[in-house]
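Written below as structure tokens is the structure these notes are about.
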Amino acid sequence: GDSVTQMEGPVTLSEEAFLTINCTYTATGYPSLFWYVQYPGEGLQLLLKATKADDKGSNKGFEATYRKETTSFHLEKGSVQVSDSAVYFCALSQGGGYQKVTFGTGTKLQVIP
Amino acid sequence: GAVVSQHPSRVICKSGTSVKIECRSLDFQATTMFWYRQFPKKSLMLMATSNEGSKATYEQGVEKDKFLINHASLTLSTLTVTSAHPEDSSFYICSAIGEGKTRSNQPQHFGDGTRLSIL
């Protein structure tokens with residue numbers, strides 16, 4: 001079945017540092033890929049998505065590129081802020097989100113001033 | 001944007017009681033709602049998919065008699081944890097997808113979750 005693997009955390013960075021959270025997936029066909037963010041005590045919010053190979057999703061300074069050749073969707077941000085501290089989930093869906101979503105285990109990011 | 005409201009946000013109750021969690025779509029009609037369970041330091045596990053007016057589809061290993069799901073209207077789905085025990089303590093999150101011209105690229109909109117603690 002489909003699966004998502006992302007790097008284990010926690011990841012601790014200083015403010016303004018560069019962020020990369022690795023994500024790889026196993027799936028049949030051409031899934032849609034997502035990054036969700038979960039702030040403490042809250043539900044998930046969609047951060048960005050990409051629906052086909054070579055698409056780049058971006059939002060709030062975060063970006064990720066759908067790489068089919070490496071089955072990856074790594075999340076990057078050039079300069080993190082304390083407010084970016086949260087848990088980040090990589091996910092995929094075969095139906096663009098209409099079908100059930102398969103999540104990775106989440107990576108906790110802590111940004112220190 | 002689309003908002004999904006989940007209530008209550010936190011509940012503590014005694015073992016053996018039943019607990020109902022509501023999930024409402026506030027500004028759109030949710031044809032499909034999903035219920036997830038999140039274990040500490042783990043990812044979300046899909047429990048079931050519910051479509052308005054029909055029986056929920058449960059994932060393998062999820063007890064349908066234990067976790068009752070009702071999707072009675074296009075804006076409300078409920079999850080009832082029956083005869084709850086300490087091992088049912090967890091963070092439960094719902095999500096919803098609405099109708100639209102193009103359903104294929106609609107993301108799921110998540111509620112803020114319910115922290116359930118069974119003593």
Side-chain angles (χ1 to χ4, degrees), chain A residues 1-11 21 23-25 29-52 55 57 59-60 64 66 86-110, chain B residues 1-10 21-26 30-51 56-62 91-115:
Chain A
D2 297 344
S3 66
V4 176
T5 302
Q6 59 183 106
M7 60 189 293
E8 290 189 20
V11 174
I21 300 178
C23 171
T24 57
Y25 67 91
Y30 301 90
S32 294
L33 302 175
F34 307 86
W35 276 100
Y36 283 87
V37 58
Q38 184 180 31
Y39 297 101
E42 299 183 9
L44 272 69
Q45 301 175 26
L46 178 64
L47 181 60
L48 54 84
K49 70 174 184 178
T51 57
K52 61 182 186 295
D55 267 3
N59 185 26
K60 299 181 181 180
Y66 189 144
V87 180
Y88 292 83
F89 291 92
C90 185
L92 69 82
S93 170
Q94 292 288 1
Y98 175 61
Q99 302 294 330
K100 68 179 183 179
V101 178
T102 300
F103 288 89
T105 53
T107 301
K108 184 175 182 179
L109 169 66
Q110 184 174 12
Chain B
V3 177
V4 172
S5 173
Q6 196 170 331
H7 178 80
S9 59
R10 178 181 291 270
I21 302 170
E22 294 185 346
C23 180
R24 294 181 184 274
S25 57
L26 298 184
T31 51
T32 303
M33 287 186 170
F34 302 87
W35 286 96
Y36 294 85
R37 182 174 179 177
Q38 186 178 27
F39 294 94
K41 300 183 180 180
K42 298 288 186 181
S43 186
L44 282 75
M45 179 192 77
L46 179 65
M47 299 175 66
T49 303
S50 74
N51 294 294
T57 302
Y58 289 81
E59 295 298 302
Q60 190 173 9
V62 178
F91 193 59
Y92 294 86
I93 303 177
C94 71
S95 69
I97 289 177
E99 292 183 328
K101 295 180 180 179
T102 303
R103 307 179 78 181
S104 61
N105 285 325
Q106 286 194 53
Q108 296 182 22
H109 300 284
F110 286 82
D112 283 344
T114 297
R115 174 72 61 191

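Worth saying up front: this structure is predicted, and the values here are computed from it rather than measured. Note on naming: letters A, B, ... go to the chains in the order of the sequence lines (proteins, then strands), and numbering restarts at 1 for each one.
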Check your understanding: Are more than 12 heavy atoms from other residues, nucleotides or ligands located less than 6.0 Å from atom CD of E59(B)?
Key -> yes

Exercise for review: Determine whether more than 12 heavy atoms belonging to other residues, nucleotides or ligands lie under 6.0 Å from atom OH of Y30(A).
Suggested key: no

Check your understanding: How long is the span from the CD atom in Q38(A) to the CD1 atom in I93(B), to the nearest 0.5 Å?
Key -> 5.0 Å

Check your understanding: What residue in G9(A), G104(A), G106(A) has the most heavy-atom pairs under 4.5 Å with chain B?
Key -> G104(A)

**Study point:** Toward chain A, the part of Q6(B) with a non-hydrogen atom under 4.5 Å
**Key:** neither

**Study point:** Contact class of Q45(A) relative to chain B, heavy atoms under 4.5 angstrom
**Key:** neither

Review point. Is it the side chain or the backbone of F89(A) that comes within 4.5 Å of chain B heavy atoms, both, or neither?
Key: side chain

Check your understanding: Is the closest side-chain heavy-atom distance between V87(A) and Q38(B) below 4.5 Å?
Key -> no

**Study point:** Heavy-atom closest contact (L44(A) atom, F110(B) atom, distance)
**Key:** O-CB, 3.2 Å

